[in-house]
4 protein chains.
Amino acid sequence: MKAEQKRRQELIAATIREIGAEGTLNVTVSQIAKRAGVSPGLAFHYFGDKEQLFLATMRSILRTYGVLIRANLVGKTEPVERLTAILETNFSPSQFEDGAVAAWLNFYVLAQTSPEAQRLLALYHRRFHSNLVYSLRPLAGDAAHGIAERLGGLVDGLYLRFALNRSHVDPGPAVAQVLKALEVELSALDG
Amino acid sequence: MKAEQKRRQELIAATIREIGAEGTLNVTVSQIAKRAGVSPGLAFHYFGDKEQLFLATMRSILRTYGVLIRANLVGKTEPVERLTAILETNFSPSQFEDGAVAAWLNFYVLAQTSPEAQRLLALYHRRFHSNLVYSLRPLAGDAAHGIAERLGGLVDGLYLRFALNRSHVDPGPAVAQVLKALEVELSALDG
Amino acid sequence: MKAEQKRRQELIAATIREIGAEGTLNVTVSQIAKRAGVSPGLAFHYFGDKEQLFLATMRSILRTYGVLIRANLVGKTEPVERLTAILETNFSPSQFEDGAVAAWLNFYVLAQTSPEAQRLLALYHRRFHSNLVYSLRPLAGDAAHGIAERLGGLVDGLYLRFALNRSHVDPGPAVAQVLKALEVELSALDG
Amino acid sequence: MKAEQKRRQELIAATIREIGAEGTLNVTVSQIAKRAGVSPGLAFHYFGDKEQLFLATMRSILRTYGVLIRANLVGKTEPVERLTAILETNFSPSQFEDGAVAAWLNFYVLAQTSPEAQRLLALYHRRFHSNLVYSLRPLAGDAAHGIAERLGGLVDGLYLRFALNRSHVDPGPAVAQVLKALEVELSALDG
DNA sequence: AATGAATGAGCCTTCATTCAT
DNA sequence: AATGAATGAAGGCTCATTCAT
């Protein structure tokens with residue numbers, strides 16, 4: 001059982017790396033298995049088929065993201081401090097490592113046709129939104145919802161643009177823009 | 001020659017529809033050709049290979065978008081009026097028809113590995129940015145650049161979220177959020 | 001279209017030979033295609049999948065058998081003469097050539113799970129039965145039906161036993177037994 | 001050792017049921033093992049490979065049939081009584097239970113390529129024939145051999161037709177035909 | 001220009017078999 | 001004895017691409 005978890009993790013990690021290397025979900029299970037150092041058959045033994053492997057990978061990425069968010073929020077109680085942590089997490093190095101970018105882009109594509117991928121993505125959006133609203137409410141009251149939607153959209157859009165622009169290496173400016181947007185939104189409240 | 005142009009257009013239109021139907025670039029050239037009412041061989045005759053067909057399709061989409069933007073700007077001289085037109089164009093019905101959403105998502109994916117797709121996407125981003133800055137400058141001066149980046153990112157992010165959420169049918173709220181962001185940015189300038 | 005018919009025939013013939021060579025339906029489409037001198041893809045192009053190829057083969061075998069029966073009945077009007085012709089046809093060389101035996105045995109197996117194979121087999125049984133009854137009626141009246149059932153069963157059983165016994169080479173004795181059974185049945189009527 | 005016999009029997013029973021469920025010898029050893037409640041490895045441990053398992057299954061079926069025949073003959077001394085018992089046994093419920101039909105059909109197929117299966121089938125035919133001849137001799141003298149061959153063939157053929165016709169549920173009519181054939185053969189002797 | 005028959009490489013998946021425990 | 005994880009060869013099927021017509 002212990003070994004099984006390890007194998008699964010290895011296969012998922014290999015999947016991310018392979019998707020990253022190819023940029024596409026058009027990677028063969030054999031390639032993934034080879035990268036994980038196991039036989040192709042094993043991937044099917046554990047995941048049933050290719051799509052399940054992809055979905056498990058997506059779940060893993062979202063889970064990792066969730067863990068990271070919670071870790072970054074530990075001990076932070078001030079709303080702005082918390083908002084900053086949430087927004088920054090989306091641009092932390094782990095979100096760009098290996099094949100994370102390619103995985104995200106391809107999961108967007110997958111979400112169009114896979115109900116489960118759709119569900120996972122919706123869940124992620126909901127949680128992200130809740131996190132933002134929770135900390136925005138004390139600062140913005142009823143405006144919190146709208147602001148959260150805009151910040152959420154901005155994060156996704158800038159992540160996308162940053163990820164697609166190979167000339168960028170440092171996500172710093174992207175984060176700065178998001179934080180600036182937060183500042184602008186908050187300052188507009190007082191106006 | 002006239003006929004050739006027509007054939008090409010039909011193949012490109014068929015490509016968009018087919019990508020839309022599948023949600024993926026995993027569509028067969030034969031299916032595309034059948035949809036266009038021609039033989040598979042003809043697609044290769046005109047476009048060389050599958051990737052060229054996709055790139056031609058992407059070019060076509062971006063061209064159409066450019067034409068639309070210019071059309072919507074005709075006769076508009078007020079900066080805010082122009083900005084509104086630019087931002088709204090991104091959520092106009094044509095951006096969601098047929099396979100437009102699927103095409104966009106997949107071109108993001110393609111841009112990771114295809115230099116030409118990358119180039120086309122960068123060009124689109126640059127033009128979009130210039131358009132915004134041009135109209136923002138009179139209102140925001142040096143802040144125009146930053147605002148344009150945020151608005152551009154927001155548009156992409158909200159388009160993405162809207163497109164992936166099958167429960168939404170009317171992009172109205174998304175547009176409203178973008179315009180609200182514009183309003184917020186401008187009001188923050190006076191603060 | 002002409003060429004297509006030819007290809008199909010070649011593939012079906014190759015299928016029979018290959019099933020004959022292996023004794024089983026566990027032959028690969030690639031083997032069949034190679035035997036037919038075409039690429040594996042072509043078999044799928046024409047027949048869709050392996051099962052359709054098998055069913056087409058079964059149809060072909062039954063059609064050939066039907067043609068043979070009709071040919072052997074031409075000009076024969078005497079009931080006994082016709083009955084003899086019908087019964088002998090089942091043991092004619094063509095029923096043992098190539099992979100005919102293996103094909104028959106395996107189609108029995110296939111008929112358990114494939115509705116279409118079941119249907120084809122039932123059709124064959126019905127026709128065979130009708131043919132016998134038609135010529136038996138003048139000789140045996142109401143007993144024709146029962147006699148036909150017994151003769152039909154005997155033909156199938158002896159064909160099976162003969163086909164499975166590799167030490168036999170000449171189906172003569174089997175035919176003799178069937179004709180003897182006919183004689184016995186007819187003589188019993190007068191008793 | 002006692003346990004080993006039990007395991008073997010369970011595996012053989014599972015093989016029959018699995019062949020019956022699939023209609024084919026295309027059943028996986030893993031499925032058989034699961035049905036028998038043991039690990040796949042055990043099947044190989046006991047039987048060596050898949051074909052040996054099939055042959056052991058065939059032997060088991062033939063042995064069971066032999067036991068049944070002998071049981072049904074106990075206390076019967078009259079030739080006609082014995083013949084009836086022999087012929088009826090072939091259509092007794094046990095010959096249609098579980099996967100018996102599928103097993104028989106597939107063993108016919110297997111007999112084409114497996115010498116051992118061929119041998120087992122020939123042995124069964126010989127014993128069946130001997131049984132019939134033994135009881136026919138007192139009634140038919142030298143004609144016994146021919147009659148036995150015809151009755152044997154008829155049994156096989158009608159079993160085959162009955163087994164493949166899913167619309168039949170009661171083998172009664174088939175048995176009646178076989179017994180009628182016996183009657184006809186005997187009555188013809190006196191002619 | 002245009003067709004569409006034909007190819008064949010490649011992929012997902014299955015499964016008999018092995019082997020460390 | 002027994003397990004079941006793991007392998008890897010093989011097969012059905014797809015599809016980009018070619019080419020004779």
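Chain A is the first sequence line, chain B the second, and so forth, proteins listed ahead of strands; every chain is numbered from 1.
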Atom pair distance, as rounded to whole Å: [atom1] in [X] and [atom2] in [N]:
{"X": "B/D49", "N": "F/dC15", "atom1": "CG", "atom2": "P", "result": "17 Å"}
{"X": "A/K34", "N": "F/dA9", "atom1": "NZ", "atom2": "C1'", "result": "15 Å"}
{"X": "C/Y46", "N": "F/dC13", "atom1": "OH", "atom2": "P", "result": "18 Å"}
{"X": "B/N26", "N": "F/dC13", "atom1": "CG", "atom2": "C1'", "result": "15 Å"}
{"X": "C/K50", "N": "F/dT14", "atom1": "NZ", "atom2": "C1'", "result": "17 Å"}

Nearest heavy-atom approach of A/Q118 to B/L164 is NE2-O, 2.6 Å

Suppose we define a pair by two distances each less than 3.5 Å, Watson-Crick or G-U wobble; what does F/dA1 pair with here? none

Quick one: on DNA chain E, does C/G41 or D/E51 contact a more 5' nucleotide (nearest heavy atom)? C/G41

Can you work out whether C/P40 or D/V27 has the more 5'-proximal nearest nucleotide on DNA chain E? C/P40

Electrostatic pair C/E116-C/R119, nearest N-O below 4.0 angstrom: yes

With a 4.0 Å cut-off (strictly under) to non-hydrogen atoms of chain A, the first and last hit nts on DNA chain E, 5' to 3', are E/dC11 to E/dT14

Just checking C/F96 against C/W104, ring centres under 6.0 Å apart? no

Looking only at side-chain N and O atoms, does D/T113 offer a donor or acceptor that is under 3.5 Å from a partner on C/E22? no

Between A/V38 and B/G48, just flag the one whose closest nucleotide in DNA chain F comes earlier from the 5' side. A/V38

Taking for C/L25 and for A/L42 the nucleotide of DNA chain F with the nearest heavy atom, the one nearer the 5' end belongs to A/L42

Note, C/N106 side chain near C/L110 side chain (heavy atom, < 4.5 Å): no

Could you measure the distance from the CZ atom of A/R8 to the OG atom of A/S60? Nearest 0.5 Å is fine. 11.5 Å

Tell me, with the steps shown, if A/I12 and A/F54 meet side-chain contact (heavy atoms from CB on, under 4.5 Å). CA-CA 8 Å; A/I12 286 174; A/F54 284 158; over 6 Å; no

Determine the contact category for A/F47: base if any of its heavy atoms lies under 4.0 Å from a base atom, sugar-phosphate if only primed atoms, P, OP1 or OP2 are that close, otherwise nothing. nothing

